[in-house]
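All values reported here derive from a predicted model rather than from experimental measurement.
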Amino acid sequence: MIIILKETATPEQISELRGAMVARGLVVQDIVGEEKHMMGLAGDTSALSQEGLERYGFVDRVMKVSEPFKLSGRHFHPEDTAISITDSAKIGAGSFAVIAGPCSIESEEQILSIARDVKRGGASMLRGGAFKPRSSPYSFQGLGLDGLELLKIAREKTGLPIVTELMSSEYLSEFERDVDIIQIGARNMQNFSLLRDVGRLGKPVLLKRGPSSTIEELLMAADYILYGGKSNVILCERGIRTFETATRNTLDVSAVPVLKKKSHLPVVVDPSHGTGYWDLVYPMALASAAAGADGLIIEVHDRPEFALCDGQQSITPVLFDKLMRSVTAVREAVSEQ
Ligand code: PEP
Ligand code: MN
């Protein structure tokens, strides 16, 4: 629901109304336009009526928002959101970020060497899984907290902010303290208690689209995080499950402009998981940049044939360098249009 206030509404009246809405357990988002002040309300608004609200003399009218997502939607927040980690790592509202690194952290030598490679290539953030959501319980599960320590060493040596997946609320405090962007993996996109927990931390969250989730479900999951009022969200298209078997997943490139239309949040694409094959990563990364993505997340390994996880979809540092140059050229070509 959006409450449109009269131009004559005073700051005291606005704060009185805000207080009354917060007391009902609603999340209030101010939408300040050039002429009008509006208030977006998220939560259970079923007990609020148009007539009741218009009894506040400074309320002009009330608008129902039919979409089931509110805080991630453009009605409540028309401007693009920019998320800034450091001066050189910004994403959204015109800033493009490439997050690159191995699927999993395997050793200090491995993560350091790849971190240096991707930094040289122009990545602005480093990825690496410490806790791995593997389909088989017999596959490598990641180094856990030891892996996180190695990732921190790589950050210290390269200056690259770190992005890594949190699989359960057990390690919330370690992630809050140590990680720059908390990744919520595709399989956990609808783990609502985990979403609520990360929403209370105040750390940016990279939320990956579930393999069988619609765009609307992705945005509702983002609302769970935003509802906590503290954490910002980066949306990630990483391929969906379809009848096609030639690729690991079907990368939904059209999700990029659709998400950009519906939401103010930055959108990144993961062509590594989105295709499952290293030789498809380059063309799909370019397609994603052309489609208007705000960034990419790419798996890079210096020896993909020996990778403990996802080697078949990891590109080498040499191909990563080429990809970065081409992505820049594509972005320039698109912005000239
Ligand atoms: C990952 O990024 O390493 C990963 C497991 O991704 P997803 O959750 O998209 O499968
Ligand atoms: Mn992976």
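The two residues Ser314 and Val300 come nearest to each other via the heavy atoms CB-C, 4.5 Å. Residues Gln312 and Gly276 come closest through the heavy atom pair CG-O, 3.4 Å.
Residue Tyr56 belongs to a hydrophobic cluster whose other members are Met1, Ile3, Leu5, Ile14, Leu17, Met21, Val22, Leu26, Val28, Met39, Leu41, Leu48, Leu53, Phe58, Val59, Val62, with links defined by side-chain heavy atoms closer than 4.5 Å. If you chain together ILVMFWY residues whose side-chain heavy atoms come under 4.5 Å of each other, Val32 ends up in a group of its own.
Proximity of Thr316 to Asp302: side-chain heavy atoms (C-beta onward) are nowhere separated by under 4.5 Å. Within the 4.5 Å cutoff, the side chain of Asn232 has heavy atoms near those of the Leu226 side chain. Within the 4.5 Å cutoff, the side chain of Gln110 has heavy atoms near those of the Pro102 side chain. A heavy-atom distance below 4.5 Å is found between the side chains of Leu201 and Leu172. A 4.5 Å side-chain heavy-atom check between Asp321 and Arg120 finds every atom pair outside the cut-off. Residues Asp30 and Arg18 form a side-chain contact, since some pair of their non-hydrogen atoms from C-beta on lies under 4.5 Å apart. Between Gln190 and Met220, every side-chain heavy-atom pair lies at or beyond the 4.5 Å cut-off. Between Ile31 and Pro78 the shortest side-chain heavy-atom distance falls below 4.5 Å.
Salt bridge status for Arg209 with Asp252: present, with a side-chain N to carboxylate O gap under 4.0 Å. Ionic pairing of Arg127 and Glu299 is present here: one or more N-O contacts between side-chain nitrogen and carboxylate oxygen are shorter than 4.0 angstrom. Using a 4.0 Å cut-off between charged side-chain N and carboxylate O, Arg155 and Asp180 make a salt bridge. Salt bridge Lys152/Glu149: present, at least one basic N to carboxylate O contact under 4.0 Å. At a threshold of 4.0 Å, the pair Lys208-Asp270 counts as salt-bridged, since one of the basic side-chain nitrogens sits closer than that to a carboxylate oxygen.
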>> Does Ile111 form a side chain to side chain contact (heavy atoms under 4.5 Å, CB included) with Glu106? I'd like the steps, not just the answer.
In response: CA-CA 7 Å; Ile111 190 68; Glu106 299 168 8; over 6 Å; no
> Given the rule in the side chain to side chain contact (heavy atoms under 4.5 Å, CB included) test, do Leu286 and Ser326 qualify, once you have shown the distances and angles that lead to the verdict?
Replying inline: CA-CA 7 Å; Leu286 301 196; Ser326 303; 3.6 Å; yes
> Stepwise, does the salt bridge (charged side-chain N to carboxylate O under 4.0 Å, His left out) test hold for Lys260 with Asp294?
Replying inline: CA-CA 10 Å; Lys260 299 291 299 175; Asp294 298 294; 2.6 Å; yes
> Given Ile83 and Thr81, is the side chain to side chain contact (heavy atoms under 4.5 Å, CB included) satisfied, shown in steps?
Replying inline: CA-CA 7 Å; Ile83 297 178; Thr81 284; 4.0 Å; yes
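Val163 and Val267 are not part of a single hydrophobic cluster, where members link through side-chain heavy atoms under 4.5 Å apart. Under the 4.5 Å side-chain heavy-atom criterion for grouping Ile, Leu, Val, Met, Phe, Trp and Tyr, Met167 is connected to Leu308 within one hydrophobic cluster. Taken together through direct or relayed side-chain contacts under 4.5 Å among Ile, Leu, Val, Met, Phe, Trp and Tyr, Phe320 and Met284 form part of one hydrophobic cluster. Under the 4.5 Å side-chain heavy-atom criterion for grouping Ile, Leu, Val, Met, Phe, Trp and Tyr, Ile184 is connected to Leu296 within one hydrophobic cluster. Residue Ile181 is not grouped with residue Met189 when hydrophobic side chains (ILVMFWY) are merged at heavy-atom distances under 4.5 angstrom, including chains of intermediate members.
For the ring pair (Phe, Tyr, Trp, His ring centres under 6.0 Å) test, residues two or more places apart in sequence or in another chain that qualify with His264 are His77.
Interatomic distance, CD1 of Ile4 versus CG of Asp60, reported as 6.5 Å (0.5 Å rounding). One finds the OG atom of Ser168 at 8.5 Å from the CG atom of Asn188 (value rounded to the nearest 0.5 Å). Taking CD of Gln29 as the start and CE of Met38 as the end, the distance is 11.5 Å to the nearest 0.5 Å. Once rounded to the nearest 0.5 Å, the distance linking CG of Leu251 with OG1 of Thr275 reads 7.5 Å.
Side-chain atoms of Ser263 come within 3.5 Å of backbone N or O of Ser72 as a donor-acceptor pair. The closest donor-acceptor contact from the side chain of Ser139 to the backbone of Arg134 lies at 3.5 Å or more, if one exists at all. A donor-acceptor distance shorter than 3.5 angstrom exists from the side chain of Thr242 to the backbone of Glu244, with no hydrogens or angles considered. Using a distance-only test at 3.5 Å, with no hydrogens or angles considered, a donor-acceptor pair links the side chain of Glu217 to the main chain of Thr214. Under the 3.5 Å distance criterion, the side-chain polar atoms of Lys203 are matched with a main-chain donor or acceptor of Glu176. When atom types are taken as modelled, the side chain of Glu54 and the backbone of Glu51 share no donor-acceptor pair closer than 3.5 angstrom. No side-chain donor-acceptor contact under 3.5 Å links Glu67 to the backbone of Val65. Within the 3.5 Å criterion, the main-chain N or O of Gly92 finds no donor-acceptor partner in the side chain of Asp80.
At a cut-off of 3.5 Å, with distance as the only test, no side-chain donor of His301 or Asp310 sits close to an acceptor on the other residue. Between Gln313 and Arg248, the side chains place a donor N or O and an acceptor N or O closer than 3.5 Å (distance only, hydrogens not considered).
Between Phe175 and Phe131, the ring planes lie tilted relative to each other; the angle falls in the 30° to 60° range.
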